[in-house]
**Q** 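I'd like to ask some things about the structure below.
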Amino acid sequence: TERKKKTQNLIVCKSPPFLLAIMVTIFTAPYHGYQVLFSPFERNKIAFTGAVNYGISGNGALLIYERDEVGYKEFRRYPWKDGLFDVTWSELNEAVLVTASGDGSVVVYDQAQPNGPVTVLTGHTAEVSSVHWSMTRQEQLVVSASWDGTVRLVRATSLKKILKFPLLCIADVLLCVCVCVCVCVCVCVRAYTHTCVNAVGSQCPGVCCHFY
């Protein structure tokens, strides 16, 4: 249908100073979009996550687009068995991305590996709705939020070894999460009923702990 076609496009706007925005349309069919994010290392790359059937049922994919002198072209396509609802780029390695899956897993990809994910983290018992990589290179953390009402943090020092890190429990359906590393780790969570900020880490004891 016409409505379905319109929802399977990724539109990129380039707006130089004092010029009108130039819109570029990237077709993402059969996937309906959930998240799109520019690479923090390579300004010509975009990551897209989506799902078929608007994420209600069916599979999903991570798509990576690269811009050349002609326009944006598909660089990598990683199909997944469930919808992918969010994506975050690594702040440590320009080739690594982390996605949030509807099957309750956090899926790690490396662009150098074209055939599929390099690591799958399990532990959530419902859809993972959001993932975020810490914005500082001094503290490499990945945080994920799920519809099971929990937030999980892992210390990600390399692709080969992902360390366990305490989990913060919140009794709600979580929609979005981000992390800011300062004296301790401040986690901001947006849920259906409220938004809250919680602190975890070695200098902030007393937090409920679970692990992947």
**Q** Could you measure the distance from the CG atom of Leu63 to the CD atom of Glu74? Nearest 0.5 Å is fine.
**A** 5.5 Å
**Q** Quick one: closest heavy-atom pair of Glu91 and Phe41, and the distance?
**A**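 Closest approach of Glu91 to Phe41, heavy atoms only: O-CZ, 3.6 Å.
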**Q** Which atoms form the tightest heavy-atom contact between Thr49 and Phe85, and what is the distance?
**A** OG1-C, 4.0 Å
**Q** Would a distance-only check, ignoring hydrogens and angles, find a side-chain to backbone donor-acceptor pair under 3.5 Å from Ser105 to Val120?
**A** no
**Q** Tell me, do Pro117 and Val108 make a side-chain contact under 4.5 Å, heavy atoms counted?
**A**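 With C-beta onward as the side chain, the pair stays apart.
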**Q** Please work out which of the three classes, parallel, tilted or perpendicular, describes the rings of Tyr78 and Tyr109, given edges at 30° and 60°.
**A**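 Ring orientation of Tyr109 relative to Tyr78: tilted.
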**Q** Please find the pair of heavy atoms, one from Ala51 and one from Gly83, that lie closest to each other, and give the distance.
**A**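 Reported closest heavy-atom pair: CB-CA, 3.6 Å.
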**Q** Distance from Trp147 atom CH2 to Glu127 atom CD, nearest 0.5 Å?
**A** 5.0 Å
**Q** Supply the atom-to-atom distance Ser130 OG to Tyr34 OH, rounded to the nearest 0.5 angstrom.
**A**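 Spacing of OG (Ser130) from OH (Tyr34) equals 13.5 Å.
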**Q** Dump the intermediate steps for side-chain contact (heavy atoms from CB on, under 4.5 Å) on Val98 and Leu121, then the final yes or no.
**A** CA-CA 10 Å; Val98 182; Leu121 299 176; over 6 Å; no
**Q** Kindly compute the distance separating CZ (Arg76) from CG (Asn115), expressed to the nearest 0.5 Å.
**A** 9.0 Å
**Q** Under 30°, 30 to 60°, or over 60°: which ring-plane class applies to Phe48 and Tyr65, parallel, tilted or perpendicular?
**A** perpendicular
**Q** Say whether, by atom type as modelled, one donor and one acceptor occur between the side chain of Ser146 and the main chain of Ala126 under 3.5 angstrom.
**A** yes
**Q** Within the distance-only criterion (no hydrogens, no angle test), does the side chain of Asp82 pair as donor or acceptor with the backbone N or O of Ser101 below 3.5 angstrom?
**A** no
**Q** To the nearest 0.5 Å, tell me how far Leu84 CG sits from Gln35 CD.
**A** 11.5 Å
**Q** Supply the atom-to-atom distance Trp80 CH2 to Asp103 CG, rounded to the nearest 0.5 angstrom.
**A**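 Between atom CH2 of Trp80 and atom CG of Asp103 there are 6.0 Å.
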**Q** Closest heavy-atom contact between Arg77 and Pro30?
**A**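 Smallest interatomic distance, heavy atoms only, reads NH1-CD, 4.4 Å.
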**Q** Give the C-alpha distance, both sets of side-chain angles, the deciding distance and a yes or no for side-chain contact (heavy atoms from CB on, under 4.5 Å) between Gln111 and Lys45.
**A** CA-CA 11 Å; Gln111 297 175 66; Lys45 281 189 177 180; 2.7 Å; yes
**Q** Quick one: closest heavy-atom pair of Ser90 and Pro40, and the distance?
**A**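 Ser90 and Pro40 have their closest heavy atoms at O-CG, 4.0 Å.
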**Q** Can you tell which of Thr99, Ile64, Val131, Val36 makes a side chain to side chain contact (heavy atoms under 4.5 Å, CB included) with Val87?
**A**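 Running side chain to side chain contact (heavy atoms under 4.5 Å, CB included) over Thr99, Ile64, Val131, Val36 with Val87 returns exactly one hit, Thr99.
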**Q** Hey, is the main chain of Tyr54 close enough, under 3.5 Å, to the side chain of His32 for a donor-acceptor pair?
**A** yes
**Q** Looking only at non-hydrogen atoms, find the nearest pair between Phe75 and Glu66 and report the distance.
**A** CD1-OE1, 3.4 Å
